[in-house]
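Here is how names work: the chains are called A, B, and so on, in the same order as the sequence lines, proteins then strands, and each is numbered from 1. Atoms considered below: every heavy atom in the structure, side chains included; atoms not considered: hydrogens, waters and symmetry mates.
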Amino acid sequence: MEITVEDAGKGNNIQDFADSRYPEMAGKAIAARINDKLVDLTAALEEGRLELLTWEDERAREVYRHTASHIMAQAVMELFPGAKLGFGPAIADGFYYDFDLASSLSPEDLEAVEERMREITKRDLPIVREIWGRDDAIRFFKESGQDYKVELLADIEDAEVSIYRQGEFVDLCRGPHLTSTGRLRYFKLLNLAGAYWRGDEKRPMLQRIYGTAFYDQGELDAHIYMLSEAERRDHRRIGRELDLFSFHEEAGPGVVFYHPKGAVQREIIEGFLKEEHRKRGYDMVVTPHLFKGQLWHESGHLDYYAENMYTFEKDGVEYVVKPMNCPGHILIYRSQPRSYRDLPLKFFELGTVYRYERSGVLHGLLRVRGFTQDDAHVFCTEEQLEEQIRECLEFAFFSLRTFGFEDFEVFLSTRPEGSVGSEEQWDKATDALAKALEHLGINYQVDPGEGVFYGPKIDIKLRDAIGRLWQGPTVQADFNLPERFGITYTGADNQPHRPAMIHRVVLAGIERFYGILIEHYAGEFPMWLAPVQIILIPVADRHLPYARELEELFRAEGLRVEVDDDSQTVNMKIRKAQMQKVPLSVVVGDREVEAGTVSARDRSGHDIRGMDREQFLTAALRSVREKTLSIDWEA
RNA sequence: GCCGGUGUAGCUCAAUGGUAGAGCAAUCGCCUUGUAAGCGGUUGGUUGGAGGUUCGAUUCCUCUCACCGGCUCCA
């Protein structure tokens with residue numbers, strides 16, 4: 001709600017003003033913006049533009065959750081006197097606070113903290129903003145043993161700082177906050193974790209408590225439901241339950257074993273990629289897994305990523321297990337003279353690479369040490385660069401949509417510290433990426449300094465079925481590696497020229513994408529991706545020949561079909577098929593055998609009995625061919 | 001790598017210093033089944049690994065490996 005304040009008067013605060021003039025807003029406003037400045041509701045009224053921010057406003061949520069973090073800090077201070085406070089911000093969907101405690105917290109402590117927080121909200125302590133001299137603040141926090149706050153204060157240059165006080169609890173904070181602890185309504189502490197002070201692994205490890213807070217019970221419940229959904233969709237669990245893949249302690253962490261059903265799905269994904277690359281004029285290449293170290297010195301990767309590369313020595317020569325495909329593709333480019341007429345030259349490889357990832361970061365399929373990228377390198381002239389980037393982007397969006405993703409966020413990452421190449425090269429590359437995005441009308445955000453050492457990049461993040469964002473495709477523009485490797489093409493002027501290079505992946509790491517896909521669909525894959533598409537269920541043994549006949553018929557059409565010939569009840573077989581998330585269960589008994597029909601049931605439990613088998617086959621095949629989410633029996 | 005947690009049958013979980021157990025799964029048999037669990041029998045373990053304390057260790061201690069939640073990192 002936006003108001004123009006004409007006569008602020010003296011000594012009025014925003015809350016009082018709002019309460020008297022807009023009683024319908026009573027209790028709803030969380031924070032305010034006055035003349036574009038985010039402030040507490042207790043701030044003094046000023047003339048000009050006043051906005052009352054309610055829960056619907058992102059900024060109000062932040063204030064609300066930030067206050068939740070303060071209340072949590074107060075609870076921790078009360079329960080664990082002597083605790084030192086680190087950072088305590090609001091984050092997406094919640095908040096956290098970092099503590100330095102003598103002993104480590106347990107889940108039971110978490111409950112106690114939450115309980116104490118509820119008590120603090122009941123006390124309904126007013127939250128008061130105070131302005132202190134910086135030196136006074138330093139003295140105060142030093143005396144109370146808050147070393148981290150003292151360190152923060154030392155970095156602040158202003159002569160005055162703001163302090164928030166609620167009861168006995170005092171914290172250095174920019175604010176703003178709720179007006180009192182009683183205004184925090186629904187919250188829940190979620191988990192405990194370690195976190196480095198200021199995110200620096202050389203600094204002390206603090207204990208972080210994560211929580212979430214909402215304005216009404218329904219939203220909190222919905223959020224908690226979302227968290228449980230995330231657990232239900234966990235690809236590690238589904239991978240085991242559906243027998244898709246496994247990891248083995250004996251083989252080492254971070255390397256994936258695809259079981260038959262997982263391998264089928266991987267083959268589908270790779271088949272899609274090969275076909276789509278071919279359509280778009282890419283040439284498929286295959287490069288080895290082992291190169292001499294020399295090549296990685298030349299590329300610069302050893303300078304930047306030596307820690308993450310698997311290297312070894314044989315016959316006095318250093319070797320590297322490839323962590324990337326680009327040098328290999330460059331060698332192919334360099335294997336013969338290239339003409340401007342050859343460009344753009346597009347090499348595509350399902351390239352399996354190995355990168356040493358620190359043990360603590362491994363996570364199912366989402367973060368592994370060995371993975372396969374749908375990697376391509378486009379060699380082109382500088383003039384072709386932008387158009388080629390555009391094509392890469394369109395290809396990426398097309399592919400993601402095909403797999404069922406609709407919602408994306410796009411980031412342009414610019415030159416990082418310590419990168420290679422000239423300013424001019426970086427400007428040209430960044431410019432080409434930005435122009436490509438603009439020509440396609442894609443909204444994007446700039447991520448300053450987040451580019452790769454040899455060039456800037458575009459990252460596409462995808463949103464899954466329950467709203468989570470995942471890192472997906474990336475497109476990088478590069479003038480540096482061509483220079484390092486000294487690759488050229490002969491121009492129309494008969495002179496050598498330096499090509500530009502695009503590094504890009506579409507689904508990126510296949511393992512990772514597969515993991516995302518499993519979570520997106522919660523294992524309930526559409527027909528074209530399902531490892532087993534149809535399960536045939538004979539009612540009794542005498543129906544087995546008919547089931548076999550159908551199996552052969554469907555399999556001949558390319559469908560992945562199985563017959564459940566267990567000596568079990570139909571109920572049990574249906575249950576098994578449901579739990580395996582097979583898209584179609586086909587029950588055949590006397591009626592079907594006699595009429596030559598089928599009775600099909602989908603995962604949602606809907607079934608159609610006595611369907612013509614041709615009609616069934618046509619609809620099933622159409623769903624596969626058109627990659628539809630559900631099956632249309634009528635069309 | 002760091003902080004915290006966990007590790008018992010294929011899976012989910014019991015057993016607080018005294019003979020390792022249940023359900024499901026698997027397997028065998030009976031049943032011949034009509035849209036989410038038919039009935040009965042059987043099998044299944046170096047309690048992640050190594051060392052230690054103890055008369056005795058799943059249980060206590062040390063080391064180690066893997067996994068989980070984060071942090072840091074991610075070409």
Side-chain angles (χ1 to χ4, degrees), chain A residues 96 98 100-101 103-107 109 190-210 234 236-237 240-241 243 246-254 296 299-305 307-309 322-327 353 355-364 366-369 371 373 375 416 419 450-455 457 471 474 476 478 481 503 505 508-509 512 537-544 566-579 585-592 599-603 605-609:
Chain A
Y96 67 78
D98 290 341
D100 192 345
L101 295 164
S103 61
S104 51
L105 292 167
S106 67
D109 293 330
L190 297 173
N191 48 13
L192 281 164
Y196 298 109
W197 167 236
R198 292 188 145 183
D200 182 346
E201 60 182 318
K202 295 187 184 64
R203 307 296 305 269
M205 176 71 71
L206 308 180
Q207 300 188 61
R208 176 171 296 177
I209 303 178
Y210 284 94
D234 192 315
R236 294 165 298 189
R237 173 218 292 265
R240 187 176 56 239
E241 289 172 353
D243 195 18
S246 59
F247 293 89
H248 297 274
E249 202 170 330
E250 307 90 305
W296 303 101
S299 70
H301 287 100
L302 259 172
D303 297 336
Y304 285 86
Y305 299 109
E307 287 296 302
N308 300 304
M309 291 163 73
K322 76 170 168 183
M324 294 212 78
N325 302 300
C326 25
V353 297
R355 299 177 184 176
Y356 171 78
E357 302 283 3
R358 300 211 277 181
S359 60
V361 307
L362 299 173
H363 183 92
L366 301 177
R367 190 75 180 271
V368 288
R369 286 183 175 158
F371 59 102
Q373 293 178 305
D375 201 3
S419 49
E450 291 300 313
V452 186
F453 77 86
Y454 50 74
K457 62 170 178 171
Q471 173 65 48
T474 170
Q476 305 167 355
D478 176 15
L481 290 190
H503 308 245
V505 286
R512 193 186 151 71
I537 300 174
V539 172
D541 288 349
R542 63 180 179 280
H543 309 119
L544 196 52
D566 272 5
S567 169
Q568 268 299 354
T569 58
V570 170
N571 273 335
M572 185 47 119
K573 292 180 186 180
I574 290 283
R575 176 177 153 82
K576 268 162 58 184
Q578 286 284 142
M579 292 202 306
S585 303
V586 171
V587 176
V588 291
D590 290 334
R591 294 195 282 277
E592 286 76 18
S599 288
R601 170 190 164 116
D602 67 21
R603 274 183 303 232
H606 293 125
D607 62 317
I608 302 179
R609 313 231 172 162

Could you check how far CD of A/E249 sits from C1' of B/rA50, rounded to whole Å? 14 Å
Base, sugar-phosphate, or nothing: which does A/V570 touch, judged by heavy atoms less than 4.0 Å apart? sugar-phosphate
Within the 4.0 Å heavy-atom criterion, would you say A/M324 contacts the bases, only the backbone, or no part of the nucleic acid? base
Applying a 4.0 Å non-hydrogen cut-off, can you work out what A/R601 is touching in the nucleic acid: base, sugar-phosphate, or nothing? base
Indicate, with a heavy-atom threshold strictly under 4.0 Å, whether A/G589 touches base, sugar-phosphate, or nothing. base
How is A/N571 classified with respect to the nucleic acid when contacts are heavy atoms under 4.0 Å: base, sugar-phosphate, or nothing? sugar-phosphate
Find the distance A/L362:CG to B/rC74:P and express it as a whole number of Å. 15 Å
A/K573 has an atom NZ; how far is it from atom C1' of B/rU32, in whole Å? 9 Å
Check whether the side chain of A/Y196 and the base of B/rG1 form a donor-acceptor pair under 3.5 Å. yes
At under 4.0 Å, does any side-chain N or O of A/T569 touch on OP1 or OP2 of B/rG38? yes
Touch check for A/Y305, heavy atoms < 4.0 angstrom, all strands: base, sugar-phosphate only, or nothing? base
Quick one: look up who B/rA22 pairs with, Watson-Crick or G-U, both distances under 3.5 Å, and put none if it's unpaired. B/rU12
Base, sugar-phosphate or nothing for A/S299? Non-hydrogen atoms, less than 4.0 Å. nothing
Assign A/D541 to base, sugar-phosphate, or nothing according to its heavy-atom contacts below 4.0 angstrom with the strands shown. base
Let's test this: given Watson-Crick or G-U wobble pairing with both distances under 3.5 Å, identify the partner of B/rG38. B/rC30
Under 4.0 Å between a side-chain N/O of A/H363 and OP1 or OP2 of B/rG69, yes or no? yes
What's the CG-P distance between A/L366 and B/rC67, to the nearest Å? 14 Å
Send over the distance from A/R203 CZ to B/rG1 C1', rounded to a whole Å. 18 Å
Report yes if at least one side-chain N or O of A/S585 is closer than 4.0 Å to OP1 or OP2 of B/rU35; otherwise report no. no
Rounded off to whole Å, could you give me the CD-to-P distance for the A/Q471 and B/rC73 pair? 15 Å
Salt bridge (charged side-chain N to carboxylate O under 4.0 Å, His left out) evaluation trace for A/R236 with A/D234: CA-CA 5 Å; A/R236 294 165 298 189; A/D234 192 315; 2.5 Å; yes
Touch check for A/R591, heavy atoms < 4.0 angstrom, all strands: base, sugar-phosphate only, or nothing? base
Check whether any side-chain nitrogen or oxygen of A/R542 sits under 4.0 Å from OP1 or OP2 of B/rU33, and answer yes or no. yes
Closest to the 5' end of RNA chain B, once A/M205 and A/I608 are matched to their nearest nucleotides, is A/M205
Distance check, P atoms only: B/rU19 and B/rG5, in whole angstrom units. 29 Å
Given 3.5 Å as the limit, does a donor-acceptor pair link the side chain of A/K457 with the main chain of A/V452, or not? no
Base, sugar-phosphate, or nothing for A/V452, non-hydrogen atoms under 4.0 angstrom? sugar-phosphate
Watson-Crick or G-U wobble partner of B/rC2, both distances under 3.5 Å: B/rG70
Can you say whether a donor on the side chain of A/R367 sits under 3.5 Å from an acceptor on the base of B/rC74, or the other way round? yes
d(A/I574 CD1, A/D607 CG) to nearest 0.5 Å is 8.0 Å
Side-chain donor/acceptor of A/E592 to base of B/rG34, under 3.5 Å: yes
Protein-nucleotide distance (A/D303, atom CG; B/rA75, atom P), rounded to Å: 16 Å
Do the side chain of A/R575 and the base of B/rU35 come within less than 3.5 angstrom through a donor-acceptor pair of N or O atoms? no
Using a 4.0 Å heavy-atom cut-off, does A/P323 contact any base of the nucleic acid, only the sugar-phosphate backbone, or nothing at all? base
State the pairing partner of B/rU62; accept Watson-Crick or G-U wobble contacts with both distances under 3.5 Å, and report none otherwise. B/rA50
According to a strict under-4.0 Å criterion, is A/R236 in side-chain N/O contact with OP1 or OP2 of B/rC68? yes
At what distance, to the nearest 0.5 angstrom, does CG of A/L190 lie from CD1 of A/I209? 11.0 Å
Atom C1', compared across B/rG17 and B/rC13: separation rounded to whole Å: 22 Å
What is the ring orientation for A/F453 with A/Y305, classed by angle as parallel under 30°, tilted 30 to 60°, or perpendicular over 60°? tilted
What integer distance in Å separates A/D566:CG from B/rA26:C1'? 11 Å
Planes under 30° and centres closer than 5.5 Å, is that true for A/Y454 with the base of B/rA75? no
Report the C-alpha distance between A/R542 and A/D590 in whole Å, list the side-chain angles of each, state the deciding distance to 0.1 Å, and finish with yes or no for side chain to side chain contact (heavy atoms under 4.5 Å, CB included). CA-CA 9 Å; A/R542 63 180 179 280; A/D590 290 334; 3.0 Å; yes
Rounding to the closest angstrom, what is the interatomic distance between B/rU8 and B/rC55 at atom P? 30 Å
Check whether any side-chain N or O of A/Y210 sits under 4.0 Å from OP1 or OP2 of B/rC71, and answer yes or no. yes
C1' spacing across the pair B/rG51 / B/rG70, given as an integer number of angstrom: 31 Å
Contacts of A/N308 and A/G199 projected onto RNA chain B by closest heavy atom; the upstream (5') one is A/G199
So, applying side chain to side chain donor-acceptor pair (under 3.5 Å) with A/Q578, which one of A/R601, A/K573, A/R603 is it? A/R601
Here the gap from A/Q476 atom CD to A/Y454 atom OH, rounded to the nearest 0.5 Å, amounts to 4.0 Å
Does A/R208 have a side-chain nitrogen or oxygen under 4.0 Å from the phosphate oxygens OP1 or OP2 of B/rG69? no
